[in-house]
Amino acid sequence: MSDDIIERLMKVLESRKAADPETSYVASLYHQGLDSILKKIGEESAETIIAAKAGDKKQIVYEIADLWFHCLVLLAQQNLDARQVLEELERRFGLSGIDEKAARHK
């Protein structure tokens with residue numbers, strides 16, 4: 001598996017900021033604004049839940065790909081980079097989830 005797919009996607013998503021909303025799905029999301037991007041993330045989250053409840057492994061992967069994609073769109077729209085999320089995950093690696101969560105609430 002190629003871990004540079006996220007970097008490649010982020011470059012494409014960034015380039016879509018200047019694209020025509022009539023010809024680019026991502027540009028149309030940017031044009032519609034934050035609420036539209038958040039709505040797509042909500043929809044994809046719900047579809048992921050439905051696929052998981054149904055136990056359809058192929059559909060789970062498909063829906064999570066959609067969910068991750070739309071989360072990457074949000075990051076780009078907010079001028080954030082996926083590397084920041086990966087760095088945060090790396091920071092948490094090896095920490096107890098309970099300890100990490102408690103530290104956020106101090």
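Only this structure's heavy atoms are used, side chains among them; waters, hydrogens and symmetry mates stay out.
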CG of D4 to NZ of K11, rounded to nearest 0.5 Å, is 8.5 Å
Give the minimum heavy-atom separation between A19 and A27, together with the two atoms involved. O-CB, 3.6 Å
Report yes or no: does E90 contribute a side-chain atom to a donor-acceptor pair with the main-chain N or O of L86 at less than 3.5 Å? no
Enumerate the residue pairs fulfilling salt bridge (Lys or Arg N to Asp or Glu O under 4.0 Å) with a member in residues 23-45, sequence neighbours excluded, ordered by first and then second residue. K40-E43, K40-E44
Group every Ile, Leu, Val, Met, Phe, Trp and Tyr by side-chain heavy-atom contacts under 4.5 Å, then state whether I5 and L80 land in the same group. yes
Starting at CD of E87, measure out to CD of Q84 and round the result to the nearest 0.5 Å. 7.0 Å
Side-chain donor/acceptor pairs under 3.5 Å, residues 49-61, sequence neighbours excluded:
{"unit_1": "D56", "atom_1": "OD1", "unit_2": "K58", "atom_2": "N", "d": "3.3"}
{"unit_1": "D56", "atom_1": "OD1", "unit_2": "Q59", "atom_2": "N", "d": "3.1"}
{"unit_1": "Q59", "atom_1": "NE2", "unit_2": "E63", "atom_2": "OE2", "d": "2.7"}

How long is the gap from CG on D81 to CD1 on I6, to the nearest 0.5 Å? 10.0 Å
Could you pull out all donor-acceptor pairs under 3.5 Å where a side-chain atom in residues 64-76 meets a protein atom, sequence neighbours excluded?
{"unit_1": "H70", "atom_1": "ND1", "unit_2": "D66", "atom_2": "O", "d": "2.8"}
{"unit_1": "H70", "atom_1": "NE2", "unit_2": "Y25", "atom_2": "OH", "d": "2.9"}

Is it the case that the side chain of Y30 and the backbone of L13 share a donor-acceptor pair, with hydrogens and angles ignored and the cut-off at 3.5 Å? yes
Distance col, row K17:NZ vs N79:CG, nearest 0.5 angstrom, shows 4.0 Å
